[in-house]
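Notes for the one structure printed next.
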2 protein chains.
Amino acid sequence: MKTNKEVTIYDIANKLNLATSTISRGLKGHHTINKKTVEKIKKTAAEMGYSPNNLAASLRGNKMKTIGVLLPMVTPFISSLISGIEIVAQKSGYTILIMQSHDSYETEVNLTQSLYDNRVSGVICSLALETKNTDHFKRFTDNNTALVFVDRVPENFDTYNVVIDNYRAGYKATKHLIEQGCKRIAYITAGIDFSVYRERKKGYLAALQEHNLPIEDELVVRADSIKYQDAARASEKLLQLKNRPDAIFAPGDTIGVSAIQTAKKMGIKVPEELAVVGFNDDSISSIIEPNLSTVTHPAFEMGKTAAEIILKSIKNAKRKSEIVKQITYLNTEVLVRQSSKRK
Amino acid sequence: MKTNKEVTIYDIANKLNLATSTISRGLKGHHTINKKTVEKIKKTAAEMGYSPNNLAASLRGNKMKTIGVLLPMVTPFISSLISGIEIVAQKSGYTILIMQSHDSYETEVNLTQSLYDNRVSGVICSLALETKNTDHFKRFTDNNTALVFVDRVPENFDTYNVVIDNYRAGYKATKHLIEQGCKRIAYITAGIDFSVYRERKKGYLAALQEHNLPIEDELVVRADSIKYQDAARASEKLLQLKNRPDAIFAPGDTIGVSAIQTAKKMGIKVPEELAVVGFNDDSISSIIEPNLSTVTHPAFEMGKTAAEIILKSIKNAKRKSEIVKQITYLNTEVLVRQSSKRK
DNA sequence: TTGTAAGCGTTATCAC
DNA sequence: GTGATAACGCTTACAA
């Protein structure tokens, strides 16, 4: 490793017999600088191999041109979400700093601190499954850092949220199962009845009630996480019931896939004896056989929207915004495939 | 948004009637500072809601405590890789900055610049499929920034590489197919015969040769990317051959899955008429039916190893290291599942 | 249109 | 053990 000293605007200033301020402005194509000077500056900067030091620039403004992205873990859904954020951020010259909480509250708190220490301009977050208290995010709103929650949002926090209507999605999925003639429909929830999953459950319960189907406690089971193993355990529990369900609404495709595979292992026919609907439209849902019916979840769009809100919010940060809370809903729909087709 | 002014070490110094240098040292538990003073400092810092400004600290040292992670795109393999990096980095108090090239050379060059501008301490990179020239990485080695390539590494670049032995992996997978009695084994490559895929191909060819199987050009086809659609197109091309292959070695599970599904659509029985072996052991490989035989790819371990090397390399950065190039190989093995079991 | 100089928050180097 | 001060590289009033 060589240790070339870095070229700074000071060096350029020296070479060109100009002031550093002129270089600084020239590099940004400031309108108060002579066009020819600008050109000259840019040219020599390139020749000298100058590259701007974001640290120094940000130290003055006290913020990096960086958006912190704090997510539970990288799933297919999340990776589309990231792409959406990325594409918008990149256009505006923002870098994104991705961190995973691994669904742990403690990790989330730590990463929150770390994002703050790095002086990010804004934060886009989808909560960890474990998170109940969201005080650690006040740090951002209290200190002029834009904050947007996506998908897994807190219940009571005054800021921007980008979500789908989980209640309606749950309702629609369940209604579809009812229309297929299912009578004993089960639901698998995740974490400590986490908001998103609870809302979907509410929709599920509403649909049952509306169609005069009995609501039975044993038909709602909990998976410790949304990972395959935990989901499979939950599915198994349902399918071992004396009075087994004839349908499962799984609020995630991994869970749905685990249900199908568990059923197969137990010799239960899908969809004839057990109809299954998942959530997210991950690619596995069209690889598993029978193909998994699912509810679309516009990850990419959600990412784009969240990033756009963050950028707008950063721009307006100076004059304090009037907006206290804003919830943006994106649309979802039920994709009917083989796993729930009974008619 | 309130705009609380930030608490700095200067404020703490004022309150405690100490010098900023003492505060700075106290906060880090420097041994030259009285234990009681250290405690007092830490306590009041906490009380005042102080949080360190990494920007300022890094400006002096000219490097952020950040590792840039530049990857082609988030696949299941890559997401394990990230986890491995993350776990090691976090332990040492490093933050990771993840960026995706989306397999585009141009994007990779830009992101490289962006990482540099952000003064990361080190970079872990897996190359874009399009990348042939890697001069844009010289920036890092020339300027005292640690650099490690993982998995998709350049051919000629003096630095650390963490890889598997792609040649041997290709050889082993092909040999397995031969042992199953396959005679016309096809291979799908990706990108412009990108290094990793080329190495696997070499192994494939060596195995054929060793067993006196004919090497036919039409049995090696190219997919434009490793995404499903492109892979499926390549599979289709193979299966439409007049003299159709009886096995496909796919250097990725998505490609392997596409091969199985394409075969099914065409009414070709797997594994009876077509044996398939994939690569990576993604979770889809055990969801697809028949289950896809595959070659393990120790993503998590590779991530951990890469991060450990980076950290060591950062530590040694001051005295220039003697090491010019070091290649670390991790082990792989063939997992035989239904898609290739013929005996 | 360009120059001067202060300041961003921290740390390293001396000095005491 | 602690303090004073310069320096990191850049931006931005304010001056010219």
What is the distance, to the nearest angstrom, from the CZ atom on A:Arg119 to the P atom on C:dG9?
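Those two atoms, CZ and P, are 8 Å apart.
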
Separation of D:dG9 P from A:Lys65 NZ (nearest whole Å):
22 Å

Upstream residue (5' side of DNA chain D) when A:Thr22 and B:Ile33 are each assigned their closest nucleotide
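In this pair, the answer is B:Ile33.
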
DNA chain D: 5'-proximal contact among B:His31 and A:Val7 (nearest heavy atom):
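Taking each residue's closest nucleotide, the earlier one in sequence belongs to B:His31.
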
Which pairs pass salt bridge (Lys or Arg N to Asp or Glu O under 4.0 Å) with one or both residues in residues 116-130 of chain A, sequence neighbours excluded?
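Found A:Arg119-B:Glu6.
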
Would you confirm whether B:Ser83, through its side chain, and B:Ser79, through its main-chain N or O, come within 3.5 Å as a donor-acceptor pair?
yes

When you measure from the side chain of B:Thr305 to the backbone N and O of B:Glu301, does any donor-acceptor pair fall under 3.5 Å?
yes

Classify the nucleic acid contact of [X] as base, sugar-phosphate or nothing, counting any heavy atom under 4.0 Å across all strands shown.
| X | value |
| --- | --- |
| B:Asn34 | sugar-phosphate |
| A:Thr37 | sugar-phosphate |
| A:Lys28 | sugar-phosphate |
| B:Leu55 | nothing |
| B:Asn17 | sugar-phosphate |
| B:Thr8 | sugar-phosphate |

With a 3.5 Å cut-off and just heavy-atom distances, do the side chain of B:Arg25 and the base of D:dG3 make a donor-acceptor pair?
yes

OP1 or OP2 of C:dT10 versus the side-chain N and O atoms of B:Ser24: is any pair under 4.0 Å?
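So the side chain of B:Ser24 is outside the cut-off, no N or O lying under 4.0 Å from OP1 or OP2 of C:dT10.
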
Return no unless some side-chain N or O of B:Tyr10 is found under 4.0 Å from OP1 or OP2 of D:dT5.
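Result: no.
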
5' priority, DNA chain C, between A:Ser21 and B:Asn53 [closest heavy atom]
A:Ser21

B:Tyr116/B:His136 aromatic ring centres below 6.0 Å
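Distance test on ring centres: not under 6.0 Å, no.
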
